[in-house]
Amino acid sequence: MMADTTIQPQDKFALNPMFLLRWEKTQDAYVLLYPEGVIKLNASAAEILKRCNGAATVAELVGELQALFNEDDIIVENGIYRFLETSHAKGWISNQP
């Protein structure tokens, strides 16, 4: 497990190459595959990870998802930051230059 990090709006993240994000028809959901197993993602988690491409900043990601989800902007933003912190701590994503 990686150390906790404070997520900043200008940060950029990419999926760790040890993980593969893909749609799994049998599960009717996106999953995160890795050598030891599989993680079934809910819709919001999948939308966040799909945008962790190494190019988009967290601020851009937040803006896109606030437009996508019909929810209070602050709730969406806080959820994204919490999910990114957890994903980073679990090693699913890594900081990009």
Side-chain angles (χ1 to χ4, degrees):
M1 192 177 277
M2 302 182 81
D4 287 334
T5 186
T6 301
I7 307 297
Q8 300 297 319
Q10 70 275 11
D11 288 343
K12 297 176 183 179
F13 292 96
L15 199 60
N16 180 328
M18 291 190 61
F19 294 87
L20 174 66
L21 177 66
R22 78 172 191 197
W23 176 257
E24 189 64 47
K25 187 176 180 178
T26 59
Q27 302 228 16
D28 193 32
Y30 275 93
V31 296
L32 196 56
L33 301 171
Y34 61 108
E36 296 85 22
V38 62
I39 301 161
K40 183 177 179 181
L41 301 170
N42 66 28
S44 58
E47 290 300 329
I48 294 168
L49 289 180
K50 286 194 293 188
R51 289 165 172 77
C52 289
N53 58 17
T57 65
V58 171
E60 292 167 335
L61 189 151
V62 167
E64 285 183 27
L65 293 173
Q66 285 173 330
L68 180 66
F69 293 113
N70 188 20
E71 185 65 61
D72 180 85
D73 285 351
I74 297 299
I75 291 171
V76 172
E77 182 176 14
N78 289 341
I80 291 167
Y81 273 79
R82 280 193 309 273
F83 182 78
L84 290 173
E85 288 168 356
T86 300
S87 297
H88 187 268
K90 291 180 181 257
W92 300 350
I93 58 173
S94 59
N95 290 78
Q96 299 299 297

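As the structure is a prediction and not an experimental result, all values here were calculated from the model.
If you take CD1 on Ile80 and CD1 on Ile75, they are separated by 12.0 Å, rounding to the nearest 0.5 Å. We find the CD1-NZ distance between Ile39 and Lys90 to be 7.0 Å, quoted to the nearest 0.5 Å. Expressed to the nearest 0.5 Å, how far CZ of Arg51 lies from CD of Glu60 amounts to 11.5 Å. Here the CH2 atom belonging to Trp92 is positioned 11.5 Å from the CG atom belonging to Leu84, to the nearest 0.5 angstrom. Going from atom NZ of Lys12 over to atom CG of Leu61 covers 12.5 Å, rounded to the nearest 0.5 Å. We find the CD-OG1 distance between Glu85 and Thr6 to be 6.5 Å, quoted to the nearest 0.5 Å.
Val62 places a side-chain heavy atom less than 4.5 Å from the side chain of Tyr81. Contact annotation: the side chain of Phe13 approaches that of Asn95 to within less than 4.5 Å [non-hydrogen atoms, C-beta and beyond]. Looking at heavy atoms from C-beta onward, Leu32 lies in side-chain contact with Leu15 at the 4.5 angstrom threshold.
The minimum heavy-atom distance between Val76 and Gln66, with the atom names listed, is CG1-CG, 3.9 Å. Leu41 and Val31 get closest at one heavy-atom pair: CD1-C, 4.3 Å. Of all heavy-atom pairs spanning Ser87 and Leu49, the tightest one is OG-CD2, 4.4 Å. Shortest non-hydrogen contact noted between Thr57 and Pro9 is CB-O, 3.5 Å. Minimum interatomic distance between Ile48 and Leu65 (heavy atoms only, all atoms of both residues): CG1-CD1, 3.5 Å.
Counting only N and O atoms by type, the side chains of Gln96 and Ser94 include a donor and acceptor under 3.5 Å apart.
Counting heavy-atom neighbours within 6.0 Å of Asn42 CG, excluding the residue itself, gives a total above 12.
In terms of modelled atom types and a separation under 3.5 Å, the side chain of Asn16 and the main chain of Gly91 share a donor-acceptor contact.
Relative ring orientation between Trp23 and Tyr30 is described as perpendicular, the plane-to-plane angle rising above 60° on a 0-90° scale split at 30° and 60°.
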